[in-house]
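See below for the structure under consideration.
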Amino acid sequence: MDKFKRTLVTTALPYANGPVHIGHLAGVYVPADIYVRYLRLKGEEVLFIGGSDEHGVPITIKARKEGVTPQDIVDRYHGIIKKSFEELGISFDIYSRTSSKIHHETSSDFFRRLYEKGEFIEKTSEQYYDPEANQFLADRYIMGTCPHCKNPNAYGDQCEACGTSLSPLELIDPHSTISGAKPILKETKHWYLPLDKHEEWLRKWILEEHKEWKTNVYGQCKSWLDMGLQPRAVSRDLDWGVPVPVEGAEGKVLYVWFDAPIGYISNTKELLPNDWEKWWKDKDTRMLHFIGKDNIVFHCIVFPAMLKAEGSYNLPDNVPANEFLNLEGDKISTSRNWAVWLHEYLQEMPGKQDVLRYVLTANAPETKDNDFTWKDFQTRNNSELVAIFGNFVNRALVLTQKFYGGAVPAIGELAEIDRQTIAEFQKVKANMEHNLDIFRFRDALKEAMELARIGNKYLADMEPWKLIKTDEVRTATIMHVALQIAANLAIAFEPFTPFTAKKLRNMLSMSEIKWSDLGRIDLLKEGSHIGQVELLFEKIEDDVVAFQINKLEEAKKKNELSNYKPAEVKANVPFEEWEKTDIRVGTVLECCKVPKADKLLQFRIDDGMGGRTIVSGIAQSYPEPEKLVGRQVLFIANFEPRKLRGIVSEGMILSAVDADGKLVLCEPSREVKPGCTVG
RNA sequence: CGCGGAGUGGAGCAGUGGUAGCUCGUCGGGCUCAUAACCCGAAAGUCGUAGGUUCGAGUCCUACCUCCGCAACCA
């Protein structure tokens, strides 16, 4: 690290189609902020870049759904995100956005330079085009019937009913979700970044020269490189984004993955119009990308390939990526509204920024996916922040007020036990540095906490409240040492809990702090006065936590209901057509899971005609298939037999699809003879 | 055989071939300055299962079992 003069830290650009939640924070922004604050405390030159990613198809879909413009959407969420980051103390030097003028210019220039250097290849392909709306259709804008499960509402990229991924060309009866028109195939030209040409140096650069990268990062890169890299389209047919700056590219924009990382560059430029290049091109600058695991490939392979193709930029020195944070046992999901939103947290838990920062760091998903629960949040606040950290500081300061009217007492001769205690807390600095330097913030935080534990033990062992009655000189020394430990806490916790650290500094009347002061025992001068003593943290009661848990469950329910709307009624069918379908009642004789298939159940049905086997994709709604034995079901009796997972299925069992996607078997309201017709 | 993770005391998590660890919880004791907080001690693990490599395996290899994520916007 000594070979670098300065550090550029970037954080993944949050996508501006929703607010930021605790998963984003734990994975990216809190660790990055800790690291940056640490470097600043050490007096190092550091630049911390963030911004919103505001292009791409999902934003246009959301805008269309709400009947507003994409710009309206990104303005709204950019505002919310920026404000909530500020309030949480994420200390960006700049937080900008990709819809800015300077970003459009920068990414445009970047594309043109690669274009002129011949770094792209051009390919023409056939894609669906909406003749009424006069535009090419992104996969998500096309719906049709799934060729596998016949779900009529499958998207162009995937069928949500059966889970298979699709190409728009596979859909039966495709239609545009914009106009409803039947799309036509039309030729379109796009530019591709030939990643395969970059494979060789990428292999060497990552696999040989960066073995120190975190194992999850290194492993995923290796897996991609071993599979072989493919050219990747850098443009799309869309009207929202940075226009492709080439003649004949009307109606095309840069693909969002191409323009988003350039946002790091644009934002640096915006902040430092005359000085930005040293942060990106000077070999003395170290670049770090803080991201989540879903972004590993882009930041380790794709973006470096772009930078290398351009020619004048540095490559990242490290890409510390975290895994994911789950919430109360379930994965966080924007669409299911299963999340703790930062802007709501800040409103509902005023003054508790540091509690969230602490909990997310103490339980950060550094090596594997971890779980956030409100119960754990409460425990960590009450048993660690309040009981260990807050309590130690409070004890030391209250005793100082009582004994000395708030003035730091004189230090006398140190006893052996004092020296031992001091030696022990002086180890904290080296331990913290070791962990911070390799991005292990969880362990670094634990070390910082160790300082408060040492302080508590010191007070318990020394018992100054007893000793004051017999030995005032000795008591003064003990309290002096205890106060120095408190002062050290103010430095050690600055990267993690900056609001609390500041409060503590104020109480101790400390002015400037430096990382290099950590471990010193002369941070507070004899006779200097401590300010008003207040509690650093407050207990969180059960009802606060219960409120949050309840809120989560409510939101989930509400979301399921509000999102539900009955599927569109299909085109009318003449009676003769309908009549061809033969629906019967059958009694379940046997039912079991199909091995190696998540969704399939195998039924043996008494159909009154000797029985038949039917395979049905309802396993996820009926986890205990044996309980279905004896129940009656409706089934289509005259489907062509079909092989599913090697089992011949002679028909289809009818189920209703509930709002939450759960399948519910249809059953006659009283038992009837197996084989009865339904009509 | 789609791809990738993960299985470690009651809970949540570390663990880098060399004596199984941390936080919380539980139990016992101490203290009473402190937000019923703090300090000391104890119990609690055949490290998913079965093989293998090794002087030595939680760690490396093989097979299997279980759970999760991804392949859909989303860190």
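Owing to the predicted nature of the structure, the values given are computational and were not obtained by experimental measurement. Each chain gets a letter, A, B and so on, in the order the sequences are listed, and its residues count up from 1.
Taking side-chain N and O atoms only, A:Asn17 has no distance below 4.0 Å to OP1 or OP2 of B:rC73. Between A:Lys375 and B:rG25 there is no side-chain N or O to OP1 or OP2 distance below 4.0 Å. Using a 4.0 Å cut-off, no side-chain N or O of A:Arg380 falls inside it from OP1 or OP2 of B:rC24. The phosphate of B:rC13 has neither OP1 nor OP2 within less than 4.0 Å of any side-chain N or O from A:Arg440.
Here B:rC24 presents its C1' atom at 12 Å from CE of A:Met449, a figure rounded to the nearest Å. We find that OH of A:Tyr458 is positioned 19 Å from P of B:rC33, with the value rounded to whole Å. Distance, A:Trp374 CH2 to B:rC24 P: 21 Å, rounded to whole Å. One can place CH2 of A:Trp465 at 8 Å from P of B:rU32, the figure rounded to the nearest angstrom. The distance between atom CG of A:Leu397 and atom C1' of B:rU35, rounded to the nearest whole Å, is 14 Å.
Mapped onto RNA chain B by nearest heavy atom, A:Leu459 and A:Thr379 fall at different nucleotides, with A:Thr379 at the one closer to the 5' end. Residue-to-nucleotide proximity on RNA chain B shows that, of A:Arg442 and A:Glu384, the 5′-proximal contact is made by A:Arg442.
Across the C1' atoms, B:rU8 and B:rG45 are found 7 Å apart, a figure rounded to whole Å.
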Could you run down the sub-3.5 Å N/O contacts of the protein with nucleotides 3-11 of chain B?
none

Taking only N/O atoms, report every protein-nucleotides 36-41 of chain B pair under 3.5 Å with atom names and distance.
| from | atom 1 | to | atom 2 | distance (Å) |
| --- | --- | --- | --- | --- |
| B:rA37 | O2' | A:Ala387 | O | 3.3 |
| B:rA37 | O2' | A:Asn391 | ND2 | 3.0 |
| B:rC38 | O4' | A:Asn391 | ND2 | 3.4 |
| B:rC38 | O2' | A:Arg395 | NH1 | 2.8 |

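In this structure, the ring of A:Tyr264 has its center less than 6.0 angstrom from the ring center of A:His289.
Taking the side chain of A:Asn363 as heavy atoms from C-beta on, and the options B:rA14, B:rC13, B:rC33, the nearest nucleotide is B:rC13.
With a cut-off of 3.5 Å on both pairing distances, the Watson-Crick and G-U wobble pairs of RNA chain B assemble into stems of 3 or more at B:2-7 with B:65-70, B:10-13 with B:21-24, B:26-30 with B:38-42, B:48-52 with B:60-64.
Within the nucleic acid shown, A:Asn326 has no heavy atom closer than 4.0 Å to any nucleic acid atom.
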